[in-house]
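One structure is given below, encoded as structure tokens.
Side chains included, hydrogens not; waters and symmetry mates left out as well; all remaining heavy atoms used.
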2 protein chains.
Amino acid sequence: MTQNGAEFRVAVDLVVLTVRDGTLAVLLVRRGIPPYRGRWALPGGFVLPDEDLPAAAARELAEETGLAGPAGHLEQLATYGRPARDPRGRVVSVAYLALLPDLPVPVAGSDAAAARWVPRARIGALAFDHARILADGVERARAKLEYTPLATAFCPPEFTVGALREVYESVWGRPLDARNFHRKVTGTPGFVVPTGGADAGGRGRPARRYRRGPAALLHPPMLRDRGDPAADTV
Amino acid sequence: MTQNGAEFRVAVDLVVLTVRDGTLAVLLVRRGIPPYRGRWALPGGFVLPDEDLPAAAARELAEETGLAGPAGHLEQLATYGRPARDPRGRVVSVAYLALLPDLPVPVAGSDAAAARWVPRARIGALAFDHARILADGVERARAKLEYTPLATAFCPPEFTVGALREVYESVWGRPLDARNFHRKVTGTPGFVVPTGGADAGGRGRPARRYRRGPAALLHPPMLRDRGDPAADTV
DNA sequence: ACTAATTATCGTCACTACGACGAAAATTGG
DNA sequence: CCAATTTTCGTCGTAGTGACGATAATTAGT
């Protein structure tokens, strides 16, 4: 045990995901200052002296998206602290994963430079070790769709089974059978509850609307086939 | 985004688990200095100025157990940073989860005060927020037994199906059917591979010996019933 | 208005996996 | 030699799933 610790700065970085136009998109900001000036990076910033970690993550999320309400989902992802990960010095970054519905288009930088939704397939080099953090975040999201009703965090409060299926397909990167998916979602207790309304205006038969159900875990889980590791277009 | 971060100290704390005598046990140390002097705590310490986080965790684990080799399992758990969690000041702790076979009895403090395996059911109040960290670690271990071959990390290199079942029963806190467990373990591709040897000396029929197989994930997972939330004797 | 295309929803069927349990094999302890 | 114990192999009924057929309810096109 070391008696006295060295001094570090602590940051939070956010992996903010949404589903737009049938693909997984990530919220990125373009850095306006060195290091990595001009490079795309995950939104984030330093933790304030008396600020709790989840509060810091929520604050950064609100600053970057203009969203404050309890919509979506926010959870701690992992912590990254390689000594050389930040050229400014020893910075330990606690990464958070946020899942949001598409609607709240990021208010282009209330603070930082331009913030944009970037489809995951078109992301190039990122600043710092953010590529790794992003990869970990996407994998976490993919895994959690299996055994939690978290996919609903990508949807507005009311949604259709088809919209929920689009979330799964976008995040997992593979098509699902609409009929089996419908059976699974409506048959798993507590996953979704019907609101009574219907969703007119679409092309085909109007779909019933649902809200997120009370279940915290899906039983049994909805397993993705890992036999054929999804063609992951990075 | 905040321009300059405040200064923090960064620690690693370890949730070290093993299975002894059919129960889950946790490695604890008795604090020799304030704060919480005399209280039991998770082993841990400050990260060195140029040390990577996994390296710090591995170092503390080696210091506390005398174990250096690649036996067992070590993974990052979560990070705890409540402003008031340490009376000495702002300390952010990155917790790691370690799973070890029973054999390496902790060398009673090469550095800290007494280190001991404590059965989980007999743990009282812990220092800092270590009770919460421990609870998170146990839940992580429980969950990972479902979909990974991680239970083998609690076993020596060669083990029997019965020993592996004891691990599951100890960690989950509920009995499993020996016949169905045997079918599942030997039938899941890559979970375990037979070594050819047998385990004489026990009471009943000698059991075949196995090694950990190449699989990283179990397909399909071995789900614990969550219907009846394990009588968790805390 | 009628038809084609489209999407949602309901059903069927075969197969896998699992829980509950029987039974045989192979040992130790008395 | 017998009882107890533990391992290992089977059996049976049921739940869950993938593949896919069929029907319902709408929009787009002619």
Side-chain angles (χ1 to χ4, degrees), chain A residues 22 145-147 155 158-170 172 174-210 215 217-228 230, chain B residues 22 145-147 155 158-170 172 174-210 215 217-228 230:
Chain A
L145 290 204
E146 289 195 320
Y147 58 94
C155 297
E158 285 200 14
F159 52 86
T160 67
V161 176
L164 193 62
R165 178 166 50 85
E166 189 183 297
V167 168
Y168 273 89
E169 291 178 333
S170 303
W172 284 353
R174 81 174 56 188
L176 299 175
D177 184 276
R179 298 158 292 187
N180 292 337
F181 183 84
H182 188 278
R183 176 180 60 191
K184 178 68 178 173
V185 168
T186 57
T188 301
F191 194 172
V192 296
V193 293
T195 65
D199 190 75
R203 234 185 303 258
R205 170 176 173 173
R208 297 183 191 147
R209 276 199 288 260
Y210 294 86
L217 263 353
L218 301 185
H219 291 293
M222 178 161 12
L223 299 178
R224 49 182 165 159
D225 269 349
R226 283 182 183 97
D228 168 31
Chain B
L145 292 203
E146 288 194 321
Y147 58 94
C155 299
E158 284 199 15
F159 52 87
T160 67
V161 175
L164 193 62
R165 179 165 50 85
E166 189 182 298
V167 168
Y168 273 89
E169 292 179 331
S170 304
W172 284 352
R174 80 175 56 186
L176 299 175
D177 184 276
R179 299 157 294 187
N180 292 337
F181 184 84
H182 188 278
R183 176 181 60 188
K184 178 67 179 172
V185 168
T186 58
T188 300
F191 193 171
V192 296
V193 294
T195 66
D199 190 73
R203 234 185 305 258
R205 170 175 174 174
R208 296 184 191 146
R209 276 200 287 262
Y210 293 86
L217 266 348
L218 302 184
H219 289 293
M222 178 160 14
L223 298 179
R224 52 183 162 156
D225 269 349
R226 284 181 182 99
D228 169 33

Length of the CG-P vector between B:L218 and C:dT16, whole Å = 20 Å

Phosphate OP1/OP2 of D:dG18 contacted by A:R224 side-chain N/O (<4.0 Å) = no

If you look at every strand shown and take non-hydrogen atoms under 4.0 Å, does B:G162 touch a base, only sugar-phosphate, or nothing?
-> sugar-phosphate

Counting only N and O atoms by type, is there a donor-acceptor contact under 3.5 Å from the side chain of A:R209 to the main-chain atoms of A:A198?
-> yes

Phosphate OP1/OP2 of D:dG16: any A:K184 side-chain N/O under 4.0 Å | no

Scanning both residues in full, the closest heavy-atom pair of A:M222 with A:W172 reads O-CH2, 3.3 Å

Under-4.0 Å side-chain N/O to phosphate OP1/OP2 contact, A:H182 with C:dT9 = yes

Calculate the interatomic distance between B:R208 atom CZ and C:dA25 atom P; express it in whole Å.
-> 14 Å

Separation of D:dT7 atom C1' from B:E166 atom CD, nearest Å, is 15 Å

Under the 3.5 Å rule, do the base of C:dG19 and the side chain of B:R183 count as making a donor-acceptor pair?
-> yes

Earlier contact from the 5' end, DNA chain D, for B:A163 and A:P221 = B:A163

Atom pair distance, as rounded to whole Å: OH in A:Y147 and P in D:dG16 | 21 Å

Determine yes or no for a side-chain-to-main-chain donor-acceptor pair under 3.5 angstrom, with B:T160 supplying the side chain and B:R208 the backbone.
-> no

Between CG of B:D177 and P of C:dG22 the distance, given in whole Å, is 11 Å

Tell me what B:R179 touches on the nucleic acid: a base, only sugar-phosphate, or nothing, going by heavy atoms under 4.0 Å.
-> base

B:E169 side chain vs B:L176 backbone, donor-acceptor pair below 3.5 Å = yes

Summary of side chain to side chain donor-acceptor pair (under 3.5 Å) pairs that have at least one residue in residues 180-203 of chain A, sequence neighbours excluded = A:N180-A:R183

Rounded to whole Å, CG of A:N180 lies from P of C:dA8 at a distance of 15 Å

How many angstroms lie between atom CG of B:L217 and atom OH of B:Y147, to the nearest 0.5 angstrom?
-> 8.0 Å

Salt-bridge criterion met for A:E146 and A:R224 (N-O under 4.0 Å) = yes

Are B:R165 and D:dT7 close enough that a side-chain N or O sits under 4.0 Å from OP1 or OP2?
-> yes

Specify the separation, in whole Å, of atom NE2 of A:H219 and atom C1' of D:dA15.
-> 15 Å

Give me the residues of residues 189-207 of chain B where at least one heavy atom lies under 4.0 Å from an atom of DNA chain C, by number, or none.
-> B:G202, B:R203, B:G204, B:R205, B:P206

Rounded to whole angstroms, how far apart are CZ on B:F181 and C1' on D:dG10?
-> 19 Å

